[in-house]
Amino acid sequence: MRIRIKELLKNPDLGKEFEISGWVRTKRGNKNIAFIALNDGSTIHNIQVVLNMADFEEEIIRKVTTGSCIKVEGVLAASPGKEQPVELHGSRLHVYGTADPDHYPLQKKGHSLEFLREIAHLRPRTNTFGAVLRIRHAMSFAIHKYFNDRGFYYLHTPIITASDCEGAGEMFRVTTLDLKNPPLLEDGSVDFGEDFFGRETSLTVSGQLEGELAALALSNIYTFGPTFRAENSNTPRHLAEFWMIEPEMAFYDIHDNMDLAEDFLGYLIRYAMEHCSDDLKFLNNMYDRDLMGRLEFTLNNKYERITYSRAVEVLIQSGEKFEYPVSWGVDLQTEHERYLVERHYRKPVMVTDYPKDIKAFYMKQNDDGKTVRGLDVLFPKIGEIIGGSQREEDYHKLRRRIQELSLPEKDLWWYLETRRFGTAPHSGFGLGFERLLLFVTGLGNIRDVIPFPRFPKNANF
RNA sequence: UCCUCAGUAGCUCAGUUGGUUAGAGCAUCUGGCUGUUAACCAGAGGGUCCAAGGUUCGAGUCCUUGCUGAGGAGCCA
């Protein structure tokens, strides 16, 4: 009966027989003895397997190379070496799969993250990606636990959508039409009436609008699913396919929304520190010496809450020379956000009440007629981690805004009907899952916190 | 998409004002070593210098274009 290495390393039963399986990280030794560092992904730690060469055929020992997969049965013993408390003295060895050392690309020494991206099929076998994938799992689980414990319902919003009005970015088209020979209308344009759904469809850029429908029935819901943006974004913070968490709450105003966002992020970071400490320590030592300090710092400081107008004042009064000059009405640039978070306040900042012209149509309009109740949460190092708002619940104000912006009102009839029938104040936000992971892991490129990244010119693996 | 930088051995990188047979560390292979710790010691093999064109007596090195990657910006989560 196989035991996972994570459990074996904690097991106090020295002298007992155990069976383990895993992938070889290194083998070293001489003609009398061999040491194998074995890892099965259950923990970042390897177990040292010790083989007395006299007990085995030379042929089978030769097959054990970096990257090969083996099963070992043996006795757990205290290790005389300094680097590990226990080790397994192997008495039986089975090789599941060899890994030709001339061709196996992973070495026991360091690889660049850029190189590992080119071998994404093998990078889960590295310490770094083992750590990232375990943290990714823990964060997914913690998200569901957080909401479940608080009475939120997990809502599955559609991935294929016909609504082109979310306004969050370029969309990927979904079609079964023959691209070489599509059916045409009389004016020469493509006849999407002939397409699978009988209309133009795309991959979703947000589940928010559907999320609102459910919140105005179940009170508190959240979505957690894949999201697609066809923007030609080439940055360490953008993916074409990423995962987003979107809670939506009836009877929440913008302040309730902020309270939730801050509590939620704090919960997740605390969860990672409690449940992933080995992996975080590794990442801290290998990639980001400030990681643990920064995580603790965000837990120990209340987020600064300011309005957009106040942010503009601070930036103007700073005397800083920005590449993009600041004035009321223009959107905050990355350099402005970084100044606020990293230099002025030195902690996470929540900015609200943006000019209505730079924000989406569905945000609740303030009485001043100029601003809307949008919310951005800005984090050190990664910038915008959350974007959200209190939603406009007034049917007439919402409809007028749709008309002002020349949005296709007829496609939004279902969204507007929630404001005609039993409307309610409500709020929500979107958290980019991989942005969260960037912050929690301390890694610098979003392509390294998702197993198989999709970005312009790349859909490999 | 724009700006900047880069592409040389399996990996990480050096390569001088353009000059003769392109180097190092690690990895791999061979040998050695009675418990190692990214083991160590000795030796060996390993190159379409990203691609195509150009300048030149001569190009890894200079020029043009393209491809790929990284960082920054825009868009945003």
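With rounding to whole Å, A/Phe322 atom CZ is found 17 Å from B/G72 atom C1'. The CD1-P distance, from A/Ile33 to B/U37, rounds to 12 Å in whole Å. Between A/Lys457 atom NZ and B/G66 atom C1' there is a gap of 13 Å when expressed in whole angstrom units. Atom-to-atom, CG of A/Leu332 to C1' of B/C75 comes out at 15 Å; the value is rounded to the nearest Å. The distance between atom CZ of A/Arg117 and atom C1' of B/C11, rounded to the nearest whole Å, is 16 Å. For the pair A/Phe115 CZ and B/C26 P, the computed distance is 18 Å after rounding to whole Å. If you take CG of A/Asn285 and P of B/A38, they are 14 Å apart, rounded to a whole angstrom. Rounded to an integer number of Å, the gap from A/Arg229 CZ to B/G74 C1' is 15 Å.
In terms of polar N and O atoms assigned as donor or acceptor, the side chain of A/Ser233 never comes within less than 3.5 Å of the base of B/C76 in a complementary pairing. At a cut-off of 3.5 angstrom, the base of B/G10 holds at least one donor-acceptor pair with the side chain of A/Gln107. Between the base of B/U36 and the side chain of A/Gln84 there is a donor-acceptor pair shorter than 3.5 Å. In terms of polar N and O atoms assigned as donor or acceptor, the side chain of A/His111 never comes within less than 3.5 Å of the base of B/C11 in a complementary pairing. Put simply, the side chain of A/Asn30 and the base of B/U36 share no donor and acceptor less than 3.5 Å apart. Judged by distance alone with a 3.5 Å cut-off, a donor-acceptor contact links the side chain of A/Glu87 to the base of B/G35.
A side-chain N or O of A/His426 and one of A/Glu212 form a donor-acceptor pair less than 3.5 Å apart. Side-chain atoms of A/Thr371 and A/Asp353 include no donor-acceptor pair closer than 3.5 Å.
Of the two residues contacting RNA chain B, namely A/Arg447 and A/Glu384, the nearest-nucleotide position lying further toward the 5' end is that of A/Arg447.
With respect to the salt-bridge test (charged N to carboxylate O, under 4.0 angstrom), the residues A/Asp376 and A/Lys359 qualify.
Sequence neighbours left out, the pairs with a member in residues 49-73 of chain A that pass side-chain hydrogen bond (donor to acceptor under 3.5 Å, both in side chains) are A/Glu73-A/Arg92. Pairs engaging residues 437-452 of chain A under the side-chain hydrogen bond (donor to acceptor under 3.5 Å, both in side chains) rule: A/Arg117-A/Asp448, A/Arg123-A/Asp448 [sequence neighbours left out].
Comparing the C1' positions of B/A42 and B/U20 gives an interatomic distance of 32 Å, to the nearest angstrom. Spacing between B/C62 and B/A24 at atom C1', rounded to whole Å, works out to 26 Å. To the nearest whole angstrom, the two P atoms, one in B/A38 and one in B/C2, are 47 Å apart. For the C1' atom pair drawn from B/A52 and B/C67, the interatomic distance equals 11 Å after rounding to whole Å. Comparing B/A59 with B/U55, their P atoms sit 11 Å apart, to the nearest whole Å. Nucleotides B/A22 and B/G54 have their C1' atoms positioned 23 Å apart, rounded to a whole Å. Look at the C1' atom in both B/G60 and B/A6: the space between them is 14 Å, to the nearest Å. Here, B/G10 and B/C50 have their P atoms 13 Å apart, quoted to the whole Å.
Considering only side-chain atoms of A/Phe455, the nucleotide from B/G35, B/G10, B/G69 that sits closest is B/G69. Comparing B/G69, B/U37, B/G35 by their nearest atom to the side chain of A/Glu83 picks out B/U37. Among the nucleotides B/G74, B/A70, B/C76, the one closest to the side chain of A/Asp331 is B/C76. Closest approach to the A/Pro236 side chain among B/C76, B/G74, B/G71 is made by B/G71 (side chain taken as heavy atoms from C-beta onward).
Taking side-chain N and O atoms only, A/Asn445 has a distance below 4.0 Å to OP1 or OP2 of B/G71. Of the side-chain N and O atoms in A/Asn32, none sit less than 4.0 angstrom from OP1 or OP2 of B/C33. Proximity of A/Arg62 to the phosphate of B/U30: a side-chain N or O atom is located under 4.0 Å from OP1 or OP2. Within the 4.0 Å cut-off from OP1 or OP2 of B/C33, at least one side-chain nitrogen or oxygen of A/Lys31 is found. Look at A/Ser112 and you'll find a side-chain N or O under 4.0 angstrom from OP1 or OP2 of B/U12. An OP1 or OP2 oxygen of B/G74 is reached within less than 4.0 angstrom by a side-chain nitrogen or oxygen of A/Thr334. Residue A/Arg25 has no polar side-chain atom (N or O) positioned under 4.0 Å from OP1 or OP2 of B/U37. OP1 or OP2 of B/A39 sits under 4.0 Å from a side-chain N or O of A/Thr26. Put simply, A/Arg28 has a side-chain N or O that comes within less than 4.0 Å of OP1 or OP2 on B/A39. Between A/Gln48 and B/U36, a side-chain N or O to OP1/OP2 separation shorter than 4.0 Å is absent.
Using a 4.0 Å cutoff on non-hydrogen atoms, no part of residues 69-78 of chain A comes near RNA chain B.
The only option from A/Arg305, A/Arg310, A/Arg373, A/Met258 that meets the side chain to side chain contact (heavy atoms under 4.5 Å, CB included) definition with A/Thr352 turns out to be A/Met258.
By the salt bridge (Lys or Arg N to Asp or Glu O under 4.0 Å) test, A/Glu241 is found to be paired with no residue, residues two or more places apart in sequence or in another chain being considered. Applying the ring pair (Phe, Tyr, Trp, His ring centres under 6.0 Å) criterion to A/Phe152, with sequence neighbours excluded, gives A/Phe147.
As the counterpart of B/C5, B/G69 is assigned, both hydrogen-bonding distances of the Watson-Crick or G-U wobble pattern falling under 3.5 Å. In this structure, B/G60 forms no base pair with any nucleotide, since neither Watson-Crick nor G-U wobble geometry is met with both distances under 3.5 Å. Pair assignment for B/G46 gives none, since no Watson-Crick or G-U wobble pairing has each distance under 3.5 Å. Checking B/G74 for Watson-Crick or G-U wobble geometry (two distances, each under 3.5 Å) identifies no partner in any strand. The pairing partner recorded for B/G18 is none, the criterion being a Watson-Crick or G-U wobble arrangement whose two distances lie under 3.5 angstrom. Nucleotide B/U36 forms a pair with no other nucleotide shown, judged by Watson-Crick or G-U wobble geometry with both contacts under 3.5 Å.
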Which nucleotides of nucleotides 43-52 of chain B have their base under 4.0 Å from a protein heavy atom (B), which only their sugar-phosphate (S), and which neither (-), written as one string 5' to 3'?
----------
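You'll find the ring centres of A/Tyr146 and A/His144 outside the 6.0 Å limit. Annotation: A/Tyr222 is in aromatic contact with A/Tyr154 [ring centroid separation under 6.0 Å].
Other residues, nucleotides and ligands place no more than 12 heavy atoms under 6.0 Å from the NZ atom of A/Lys6.
In this structure, A/Thr157 OG1 and A/Leu209 CG are separated by 10.0 Å, a value rounded to the nearest 0.5 Å.
Using a 4.5 Å heavy-atom cutoff, the side chains of A/Ile446 and A/Pro236 are not in contact.
Judged by distance alone, with hydrogens and angles left aside, the side-chain atoms of A/Glu246 form a donor-acceptor pair with the main-chain N or O of A/Gly207 at under 3.5 Å.
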